[in-house]
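Numbering starts at 1 and runs along the sequence shown. Keep in mind the model is a prediction, meaning the values are calculated, not measured.
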Amino acid sequence: MTATELTGPGFVADFADLAPVKQHLAEHFDHQALNTGLDVEPTSENLARCLFEWCATNLPLPTTAALEAVRVSETPATWAEYRP
């Protein structure tokens, strides 16, 4: 995320504001076969895009914050990032 200014004690967004993402991941992806949970091949690149689109539509952010990218890690050294 990026922000034009910080809120509260110096946040772009409070981690509590990100709780809907945690709930979405738990409900749709945790202990699920990704092949059945996605309409596309379950690559990290596609998962990053799908999660970005979900967050852009469903995540209530402070008016000063904007979603910039979503990164999905496969291992500590490998990841895919989606930026529109």
Side-chain angles (χ1 to χ4, degrees):
M1 283 186 280
T2 60
T4 55
E5 62 185 65
L6 300 179
T7 62
F11 297 135
V12 170
D14 190 322
F15 283 129
D17 295 337
L18 303 179
V21 177
K22 182 180 177 183
Q23 182 177 353
H24 177 70
L25 291 173
E27 290 175 3
H28 294 93
F29 298 104
D30 191 31
H31 300 289
Q32 302 291 324
L34 292 179
N35 289 338
T36 60
L38 294 171
D39 294 334
V40 294
E41 290 294 318
T43 64
S44 293
E45 293 83 355
N46 283 334
L47 186 54
R49 181 186 52 80
C50 289
L51 291 174
F52 182 96
E53 291 171 353
W54 184 91
C55 289
T57 303
N58 297 287
L59 189 60
L61 295 175
T63 57
T64 57
L67 182 63
E68 186 173 290
V70 168
R71 181 179 289 189
V72 173
S73 296
E74 294 181 18
T75 71
T78 60
W79 47 267
E81 184 173 272
Y82 179 78
R83 293 173 179 267

- [ ] Would you check if W54 and V21 make a side-chain contact, meaning some heavy-atom pair closer than 4.5 Å?
- [x] yes
Task: With T78 via side chain to side chain donor-acceptor pair (under 3.5 Å) - residues at least two apart - done: T75
Open item on the list: Over 60° means perpendicular and under 30° means parallel, so tell me whether F29 and H24 are parallel, tilted or perpendicular.
Closed with: perpendicular
Task: E68 to P84 - nearest heavy-atom pair and separation - done: O-CD, 3.9 Å
Open item on the list: With rounding to the nearest 0.5 angstrom, report the CH2 to CD distance, W79 to E45.
Closed with: 10.5 Å
Under 3.5 Å, side-chain donor or acceptor atoms of residues 33-43 against the rest of the protein: list the pairs with distances, not counting sequence neighbours.
{"residue": "T36", "atom": "OG1", "partner": "A33", "partner atom": "O", "Å": "2.8"}
{"residue": "T43", "atom": "OG1", "partner": "N46", "partner atom": "N", "Å": "3.0"}
{"residue": "T43", "atom": "OG1", "partner": "N46", "partner atom": "ND2", "Å": "3.3"}

Task: Spatial distance of atom CG (L18) from atom CE (M1) [nearest 0.5 Å] - done: 4.5 Å
TODO: Please determine if R49 and E53 form a salt bridge, counting it only when a charged side-chain N lies under 4.0 Å from a carboxylate O.
DONE: yes
Task: Residue pair E81 / A48: nearest heavy atoms and the distance that separates them - done: C-CB, 4.4 Å
Task: Step-by-step side chain to side chain contact (heavy atoms under 4.5 Å, CB included) determination, Q23 to E27 - done: CA-CA 6 Å; Q23 182 177 353; E27 290 175 3; 2.8 Å; yes
Task: Closest non-hydrogen atom pair between D17 and L59, with its separation - done: O-CD1, 3.5 Å
Task: Closest non-hydrogen atom pair between A56 and L67, with its separation - done: N-CD2, 3.6 Å
